[in-house]
**Q** 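To start, I am sharing the structure in question, which I have written as structure tokens.
Each residue takes its place number in the sequence, starting with 1. Whatever order the structure lists ligands and atoms in, that order sets their numbers, starting from 1. The figures here come from the full heavy-atom set of this structure, side chains too, leaving out hydrogens, waters and symmetry mates.
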Amino acid sequence: MVTRKAIASILEDYEDIVVATVCSHSSLQIFHGARQEGFRTLGIAIGQRPRFYDAFPLAKPDEFLIVDSYADILDQADDLVARQAVTVPHGSFVEYMGADVFAKLPIPTFGNREVLRWESDRDKQREWLTSAGVPMPLKIEHPKDIDRPVFVKYYGAKGGRGSFIAKNYEDFRESIQPGMKFTIQEYVVGTRYYIHYFYSPFATSGYTLSKGGLEMLGVDRRDEANIDEMYKLGAQEALRKMGLLPTFVVTGNMPVVLRESLLPKAFEMGERTVERSIALFGGMIGPFCLETIVSDQLEFKVFEISTRIVAGTNLFIGGSPYADLAEPGMSTGRRIAREIRVAQKQGRLADVLS
Ligand code: ATP
């Protein structure tokens with residue numbers, strides 16, 4: 001892992017920051033938000049310069065850096081530092097580059113990279129959240145113990161790819177891919193809400209924590225193929241016999257709002273997650289998402305945490321029913337840029353970049 005000291009020394013020479021990210025996932029929003037806060041922007045593209053940015057001039061980066069592969073970004077680190085780049089990580093950036101390589105990237109990066117250790121290992125993620133008092137679905141230790149519908153997932157953010165439902169050990173054996181690390185959770189029946197939070201260590205007003213403050217910028221639900229449409233074909237058991245198994249590949253996102261009486265619990269979960277992160281590894285900074293299922297008893301279960309901007313925030317480039325009550329029009333992309341700007345003005349860049 002690149003040290004905070006090394007990053008702090010790079011930052012000493014930064015004056016005119018360029019906000020850079022990989023051209024995918026939530027990059028339109030990140031570039032748009034950075035521009036709104038007056039930053040120059042740089043798009044890192046794999047293979048070739050994507051044309052679709054031409055259709056979105058307000059979100060098109062000022063410059064592109066074209067590399068052959070995600071791994072090649074590491075070779076370009078000196079060039080990116082010379083351009084005074086600050087990278088903003090998103091799901092595709094970290095997953096495709098590999099969390100291990102990303103951890104080593106010698107370029108100032110938004111957020112605390114220590115969080116990677118706690119997020120990318122599903123056991124550590126569970127340790128963090130459960131020790132914070134955040135309710136999670138029950139974990140089934142051994143496949144042979146499957147005695148109820150369960151959800152099996154692999155390590156890392158895969159946009160739902162590869163995950164499957166099993167109702168017994170035979171189902172598990174049929175679908176498991178050999179050689180991959182997996183985890184088994186009880187299948188939670190309820191309604192999914194992906195809550196977008198932002199933690200600022202600088203905030204002194206609003207929903208304040210022991211240090212800084214917590215914001216809630218939006219909520220989405222993911223569209224997943226083909227589970228979301230499968231019901232139209234009839235009972236899943238009959239489809240299974242025909243070889244049609246449900247899959248959970250994210251294809252898009254829908255805006256949702258929480259029943260208002262759930263807001264206190266939503267804030268409490270976010271607060272506990274941040275406070276515990278401060279105790280465990282010095283704090284998770286910036287955007288994060290608790291991926292939840294709410295039961296008919298109005299209880300939350302958090303089945304996963306994403307510790308950076310999630311693609312569901314793309315719905316709210318122009319604000320959200322929550323963000324608009326704090327600062328109208330604020331997106332997560334812009335909020336990240338705002339935090340960098342505030343840090344720069346206060347001479348505290350090393351507090352939010354690592
Ligand atoms: P991400 O890109 O968010 O990391 P992933 O590949 O790690 O995705 P998950 O987000 O853990 O996968 O799960 C994918 C989908 O599976 C969820 O959106 C949800 O529909 C469903 N799911 C996950 N865990 C459970 C659970 N315990 N009970 C019911 N459904 C679940």
Side-chain angles (χ1 to χ4, degrees), residues 22 24-26 89-99 102 115-116 118-126 128-130 134-141 143 145-167 171-172 175-177 180-197 219-231 236 245-254 256 273 287-297 299-315 332:
V22 168
S24 179
H25 191 270
S26 43
H90 53 58
S92 305
F93 195 163
V94 176
E95 181 61 23
Y96 296 141
M97 181 172 223
F102 182 79
V115 77
L116 284 166
W118 290 86
E119 185 204 23
S120 54
D121 177 327
R122 291 209 189 254
D123 286 332
K124 293 206 74 136
Q125 195 178 110
R126 176 171 286 269
W128 168 13
L129 294 180
T130 51
V134 172
M136 288 191 79
L138 187 79
K139 182 182 177 201
I140 313 269
E141 293 295 341
D145 298 339
I146 298 174
D147 59 353
R148 64 191 81 193
V150 297
F151 198 83
V152 184
K153 41 186 134 184
Y154 300 103
Y155 278 37
K158 308 252 178 289
R161 194 172 290 280
S163 306
F164 61 92
I165 295 172
K167 297 201 186 68
D171 285 358
F172 172 86
S175 300
I176 193 74
Q177 294 172 29
M180 304 252 295
K181 281 192 101 175
F182 62 84
T183 192
I184 307 174
Q185 287 182 352
E186 67 174 314
Y187 189 91
V188 182
V189 183
T191 326
R192 289 171 297 127
Y193 294 94
Y194 298 72
I195 309 172
H196 317 149
Y197 300 89
V219 188
D220 80 293
R221 178 170 309 147
R222 295 180 181 173
D223 263 342
E224 295 171 336
N226 51 27
I227 183 79
D228 289 344
E229 293 293 316
M230 246 184 155
Y231 69 93
Q236 278 195 15
L245 301 176
T247 50
F248 298 83
V249 178
V250 181
T251 54
N253 303 81
M254 292 174 293
V256 281
T273 304
F288 69 100
C289 174
L290 292 181
E291 306 184 2
T292 75
I293 299 175
V294 179
S295 72
D296 56 5
Q297 299 304 306
E299 296 294 341
F300 279 98
K301 289 265 167 78
V302 174
F303 59 87
E304 170 144 353
I305 180 172
S306 290
T307 60
R308 58 194 65 77
I309 185 169
V310 287
T313 61
N314 291 338
L315 288 160
T332 298

**Q** Where's the contact between Y194 and ligand 1, heavy-atom distance under 4.0 Å: side chain, backbone, both or neither?
**A**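 Y194 to ligand 1: side-chain contact only, backbone stays beyond 4.0 Å.
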
**Q** Could you tell me which atoms of ligand 1, counted from 1 in the order shown, lie closer than 4.0 angstrom to a heavy atom of R192?
**A**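 Within the 4.0 Å cut-off of R192, ligand 1 contributes 18 (O), 19 (C), 20 (O).
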
**Q** So is Y154 close enough to ligand 1, meaning a heavy atom under 4.0 angstrom away?
**A**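 Flag not set, Y154 not near ligand 1.
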
**Q** Is there a heavy atom in K301 that sits closer than 4.0 Å to ligand 1?
**A**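 K301 does not count as a contact of ligand 1 under the 4.0 Å cut-off.
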
**Q** Provide the number and element of each atom of ligand 1 under 4.0 Å from a heavy atom of E186.
**A**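 Close to E186: 26 (C), 27 (N), 28 (N).
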
**Q** Examine the side chains of S26 and N314 and answer whether a donor and an acceptor come within less than 3.5 Å of each other.
**A**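 Their side chains do not contain a donor-acceptor pair, so the 3.5 Å distance test is not met.
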
**Q** For E304, is there an ion pair with R122 - N to carboxylate O distance below 4.0 angstrom?
**A**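 Salt bridge present between R122 and E304.
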
**Q** Would you mind running through ligand 1 and noting each atom that sits below 4.0 Å from a heavy atom of Q185?
**A**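 In order of numbering, the contacting atoms are 24 (N), 26 (C), 27 (N).
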
**Q** Give the numbers and elements of all ligand 1 atoms closer than 4.0 Å to a heavy atom of R222.
**A**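 Answer, ordered by atom number: 1 (P), 2 (O), 3 (O), 8 (O), 10 (O).
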
**Q** Ring-plane angle category for F93 and F102, please: parallel below 30°, perpendicular beyond 60°, tilted otherwise.
**A**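 Because their plane-to-plane angle is over 60°, the rings of F93 and F102 count as perpendicular.
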
**Q** Under 3.5 Å, N or O to N or O, is E224 touching ligand 1 that way?
**A**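 Yes, there is a polar N/O contact under 3.5 Å.
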
**Q** If you measure from atom 7 (O) of ligand 1 to every heavy atom of K153, E119, R122, E291, which option wins on shortest distance?
**A**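 Considering heavy atoms of K153, E119, R122, E291, the nearest to atom 7 (O) of ligand 1 sits in R122.
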
**Q** Would you say the side-chain atoms of T251 and E224 include a donor-acceptor pair closer than 3.5 Å?
**A**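 No donor-acceptor contact under 3.5 Å links the two side chains.
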
**Q** Does the residue G91 have a heavy-atom contact with ligand 1, meaning some pair of atoms that are separated by less than 4.0 Å?
**A**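 For ligand 1, residue contact (heavy atoms, under 4.0 Å) with G91 is absent.
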
**Q** Residue-level breakdown please: for I293 versus ligand 1, do any non-hydrogen atoms fall below 4.0 Å on the side chain, on the backbone, on both, or on neither?
**A**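 Answer for I293: side chain.
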
**Q** Please determine which of V115, D123, D121, V134 meets the side chain to side chain contact (heavy atoms under 4.5 Å, CB included) test together with W128.
**A**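 Passing option: V115.
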
**Q** Between F303 and ligand 1, does any nitrogen or oxygen pair lie at a separation below 3.5 Å?
**A**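 No; every N/O pair is 3.5 Å or more apart.
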
**Q** Is it the case that ligand 1 has an N or O less than 3.5 angstrom from some N or O of S306?
**A**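 For ligand 1, there is no N or O atom that lies under 3.5 Å from one belonging to S306.
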
**Q** Rounded to the nearest 0.5 Å, what's the gap from CG on N226 to CD on E229? Could you check?
**A**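 Taking CG in N226 and CD in E229, the distance rounds to 9.5 Å.
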
**Q** Does R221 qualify as a cation-pi partner of Y193, given the criterion of NZ or CZ under 6.0 Å from the six-membered ring centre and within 45 degrees of its axis?
**A**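 Satisfied, under 6.0 Å and within 45°.
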
**Q** Angle between ring planes, F172 versus F164, binned at 30° and 60°: parallel, tilted or perpendicular?
**A**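 Judged by the thresholds at 30° and 60°, the geometry between F172 and F164 is tilted.
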
**Q** Ignoring hydrogens, what is the shortest heavy-atom contact between L315 and M254? Give both atom names and the distance.
**A**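 Heavy atoms of L315 and M254 come nearest at CD1-C, 3.3 Å.
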
